[in-house]
Enquirer: 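Below is a structure I'd like to ask you about.
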Protein chains: 2
Amino acid sequence: MKKGQVTITDLAKELNVSPSTISRALNNSPFISEERKKVIMDLAKKMNYSPNQLALSLLNKRTKILGVVVPEITSYYFSTAINGIQDKVGSSGYKLMISQSNESFEEEIRLMEAMALVRVDGFLISPSSNTTTFDHFEKIKSSGFPLVVFDRDCLGFEADKVVVDDYSGAFQAVEYLVKTGCKRIAHIGGAASLSTTQHRKMGYLDALAKNNVSIVDELIINGEDSSSESGVTCMLSLLNLEVIPDAVFCYNDAIAIGAMSVIRERGIQIPEEISLVGFDDEPYSSYFKPSLTSVWQPIYDLGLLSAKILLDNLMADNESSSYRYEVLKPELMIRESSKKLPI
Amino acid sequence: MKKGQVTITDLAKELNVSPSTISRALNNSPFISEERKKVIMDLAKKMNYSPNQLALSLLNKRTKILGVVVPEITSYYFSTAINGIQDKVGSSGYKLMISQSNESFEEEIRLMEAMALVRVDGFLISPSSNTTTFDHFEKIKSSGFPLVVFDRDCLGFEADKVVVDDYSGAFQAVEYLVKTGCKRIAHIGGAASLSTTQHRKMGYLDALAKNNVSIVDELIINGEDSSSESGVTCMLSLLNLEVIPDAVFCYNDAIAIGAMSVIRERGIQIPEEISLVGFDDEPYSSYFKPSLTSVWQPIYDLGLLSAKILLDNLMADNESSSYRYEVLKPELMIRESSKKLPI
DNA sequence: TTTGATTATGCAAACCTTTGCATAAGACTA
DNA sequence: TAGTCTTATGCAAAGGTTTGCATAATCAAA
């Protein structure tokens, strides 16, 4: 906001008319004579006038700013979702206020409060892995802010939600491993509190059960987080088992990449001795050697749809009482790190 | 901004005092009796009052919002820079309005204009690869917005700038290749208009010249962009040469990864037959097989420093006439895709 | 000429907060 | 008792814009 900003009053003084006349002319009101309109518009252009959004926001009670909070910006996953959000939102004149919680519950609260203070028109939230209570969401919601939760579900909190069917993705992946002949299929999980972690594990367990593969506790490891480093650590302990697994289904690609490097170092062949499957299908995954079989997620669409729902809520000012729950379908991308199906 | 927001006037009515008294009490003015202060503060807390930032911004002529425009959010590179920016800025109560230009000049202008309208307090800009004129920057600057350009330099436009010494990074990398015995060192460049592309090529050329390695035109290819796909295409044409190179210095890791996959497919050994060096040191680069030698950039610090300079400008309201030009030093990370130095 | 209709414009309030200036009440001094 | 000084509070303006209502000016019709 700059000192020299020309205001509607400046224009008014210049032409010796009242500010209201200027305002009406600029908004093309029918009550202003055409000639005057022209004079005013020309002057506005000449003096480089643009209306002060702050004043407008104050008046209209909306800022045309949307608050976005994600666990981290740096990950391909969330930045792609943001990409989708921006593409949806850009054309409708909404701006994005983006922040990352760094997977911190407290930070998430702090950020959302700050955004509420700025009076964003609504929220798009992907909760941190340490968010287990949702009072802050309730508070925001009951203050009248529309809010859409995306990617990570919050059990027990009612709101519009857009998620990926992690269960199905995991199920597909593990069933595929079974069908290619794997018998001892391990799982390296992500942060325990995340809905995604739980759903993927569920998919893993159910796929084993359905296909009559016994579930072995020692083959299931929960990583600290979802980093490549965690993949390294967990894979090391899997390789220390008396009988090592013949397949590993990882919570995500980062973990799988870490695991891959450990397996390679030990001189174990992928996929002949151990099949490896990731989740997320990050852009580099296909360039790895062997290229990584992974579950692709429609994460861009996830952002797009979340934004669309929020925008819809913003249009329809009558609060609808029911919430939308959208589930997008992931897809298994088969590459070299897993065996071929027997024909 | 919600209907039910409680204002200072609501508090005033409740207690039958004037809004000014409320305001003073809340701001701990010495002209209000202690007992009344207490009553007011308690009520404010009880009614969940928080001051309307919009009204404050209008009054104070500042929003405490910073505008950030990057070419793309999805890349590890820029999201890490944003990371640094947020970490610097968060504690001082500034919020970030972030957008990506998608490497489009027009979009960059549009975004900056929208942000100017919202009256952000300042700009942090990394120009798109198609930005070759800087009138829009000049306009923003002359409207009184402080502006810091980071990562990509704009020749001919004066402003505070924070960049990485691409020249030095490239020089180090190529000199290292020479010292490990490479004689036919190719270069795959990025988008032609970028300062980074030019500087890295310069570093490449000068390193060759200084070490008396002849510069061969057919070994220098300018990619369309800086994607892995471009790496694939360019590497293919390098492998079609009568005499193929014994080393390739790539504009960035994405290109190098694409190149690596092509080289592997042909059954050519890395680094024995071809050494490969990237730039950016993306997190997965060390997990590739062979792990990728790359030039690490202090990109987080780049964001941090850019934000610091902007904040400094915001504090010091007297416009300093000279601009800061900060150059950060990159560092060569030697891994398996390049040969060892002879001892 | 007066009335009524039409057209173009201005006033003031509203959005919310802060702050310089004015003022009321009360206490103290001469 | 009148005058002065404190102390606590309120008024109103400012920041920029929109908009309902009022009004001035013009013209046509009776």
Side-chain angles (χ1 to χ4, degrees), chain A residues 1-41 43-44 47-65 116-121 143-144, chain B residues 1-41 43-44 47-65 116-121 143-144:
Chain A
M1 159 120 68
K2 282 357 292 161
K3 10 268 164 191
Q5 275 302 337
V6 23
T7 77
I8 223 168
T9 334
D10 295 334
L11 298 186
K13 277 197 195 121
E14 194 77 16
L15 293 177
N16 259 323
V17 292
S18 81
S20 15
T21 303
I22 305 282
S23 169
R24 274 186 265 255
L26 259 23
N27 292 305
N28 211 2
S29 151
F31 302 111
I32 302 288
S33 62
E34 287 306 323
E35 38 189 342
R36 185 158 285 211
K37 261 186 209 169
K38 172 136 180 42
V39 175
I40 291 179
M41 295 220 176
L43 181 69
M47 292 182 66
N48 208 354
Y49 166 81
S50 56
N52 186 321
Q53 299 294 315
L54 250 30
L56 281 178
S57 294
L58 191 57
L59 200 59
N60 300 331
K61 295 185 169 306
R62 66 189 172 133
T63 51
K64 290 235 154 196
I65 301 177
L117 240 47
V118 189
R119 258 68 173 186
V120 296
D121 286 349
S143 307
Chain B
M1 159 118 70
K2 284 354 294 161
K3 10 269 163 188
Q5 275 301 338
V6 23
T7 77
I8 224 168
T9 334
D10 296 333
L11 298 186
K13 275 194 196 125
E14 194 77 17
L15 293 178
N16 259 320
V17 293
S18 80
S20 13
T21 303
I22 305 282
S23 169
R24 273 186 266 255
L26 259 23
N27 291 306
N28 211 2
S29 149
F31 301 110
I32 302 290
S33 62
E34 287 304 324
E35 39 190 342
R36 185 159 285 212
K37 260 186 210 171
K38 173 137 182 40
V39 175
I40 292 178
M41 295 219 175
L43 182 71
M47 292 183 64
N48 208 354
Y49 166 81
S50 57
N52 187 319
Q53 299 293 316
L54 250 30
L56 282 178
S57 294
L58 191 56
L59 202 58
N60 300 331
K61 295 187 169 302
R62 67 186 173 141
T63 52
K64 288 232 154 200
I65 300 177
L117 241 46
V118 189
R119 258 67 171 183
V120 296
D121 286 348
S143 306

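Below, chain A is the first sequence line, B the second, and so on; all start at residue 1. These values consider heavy atoms only, across backbone and side chains, with no hydrogens, waters or symmetry-generated copies.
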Enquirer: Testing the basics here: between A:Pro19 and A:Ile8, what is the closest heavy-atom pair and its distance to 0.1 Å?
Expert: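 Shortest heavy-atom contact: CB-CG2, 3.9 Å.
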Enquirer: Give the residues of residues 19-28 of chain A touching DNA chain D, defined as any heavy atom closer than 4.0 Å, sorted by residue number.
Expert: A:Ser20, A:Ser23, A:Arg24, A:Asn27
Enquirer: Please figure out whether B:Glu34 or A:Thr9 has its closest DNA chain D nucleotide nearer the 5' end.
Expert: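 Upstream on the strand: B:Glu34.
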Enquirer: Taking 4.0 angstrom as the limit, do A:Lys37 and A:Glu34 come out as a salt bridge?
Expert: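 Yes, this pair counts.
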Enquirer: Using whole Å, report how far CG of A:Leu58 lies from C1' of C:dT17.
Expert: 9 Å
Enquirer: For C:dC16, does OP1 or OP2 lie under 4.0 Å from any side-chain N or O of B:Tyr49?
Expert: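 So the side chain of B:Tyr49 is outside the cut-off, no N or O lying under 4.0 Å from OP1 or OP2 of C:dC16.
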Enquirer: Indicate the atoms forming the closest heavy-atom contact of B:Ile32 with B:Ala25, along with that distance.
Expert: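 Smallest heavy-atom distance, with atoms named: CG1-N, 4.0 Å.
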Enquirer: Please round to 10 degrees the angle between the axis of the first five pairs and the axis of the last five pairs in the helix from C:dT1-D:dA30 to C:dA30-D:dT1.
Expert: 90°
Enquirer: Side chains of B:Val39 and B:Glu35, heavy atoms from C-beta outward: is any pair under 4.5 Å?
Expert: no
Enquirer: How close do B:Met47 and B:Val6 get, heavy atom to heavy atom, and via which atoms?
Expert: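 Smallest heavy-atom distance, with atoms named: O-CG1, 3.2 Å.
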Enquirer: Starting from P on D:dT18, measure out to CG on A:Asn60 and report it in whole angstrom.
Expert: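 Going from A:Asn60 (CG) to D:dT18 (P), I get 8 Å.
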Enquirer: Does the side chain of B:Asp10 come within less than 4.5 Å of B:Tyr49's, by heavy atoms?
Expert: no
Enquirer: Taking only side-chain N and O atoms of B:Lys61, does any of them lie within less than 4.0 angstrom of OP1 or OP2 on D:dG16?
Expert: yes
Enquirer: Give me the atom names and distance for the closest heavy-atom approach of B:Ser57 to A:Leu54.
Expert: CB-CD2, 3.6 Å
Enquirer: Figure out the CD1/C1' separation between B:Ile32 and D:dT7, and round it to whole Å.
Expert: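 After rounding, the reported distance stands at 10 Å.
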Enquirer: Would you mind reading off the distance between B:Phe31 atom CZ and C:dA25 atom C1', rounded to a whole angstrom?
Expert: 17 Å
Enquirer: NZ of B:Lys13 versus P of C:dT17: gap in Å, rounded?
Expert: 12 Å
Enquirer: Between D:dG16 atom C1' and A:Asn52 atom CG, what is the distance in whole Å?
Expert: 6 Å
Enquirer: Ignoring hydrogens and geometry beyond distance, is a side-chain donor-acceptor pair present between B:Ser18 and B:Thr21 at under 3.5 Å?
Expert: yes
Enquirer: Roughly, in whole Å, what's the span from CZ in A:Arg62 to P in C:dA14?
Expert: 21 Å
Enquirer: For a quick test of reading the model: is some side-chain N or O of A:Ser29 closer than 4.0 Å to OP1 or OP2 of D:dT19?
Expert: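 For A:Ser29, the contact criterion (side-chain N or O under 4.0 Å from OP1 or OP2 of D:dT19) is not met.
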Enquirer: Which nucleotide sits closest to the side chain of B:Pro51: C:dT17, D:dT9, D:dT17?
Expert: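 When the side chain of B:Pro51 is considered, C:dT17 is the closest of C:dT17, D:dT9, D:dT17.
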Enquirer: Identify the two heavy atoms, one from A:Val118 and one from B:Ile65, that lie closest to each other, and give their separation to 0.1 Å.
Expert: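 Answer, listing the atom of A:Val118 first, then B:Ile65: CG1-CD1, 4.0 Å.
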Enquirer: Rounded to the nearest Å, what distance is computed from the CD1 atom of residue B:Ile8 to the P atom of nucleotide C:dA14?
Expert: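 Distance, rounded to whole Å: 17 Å.
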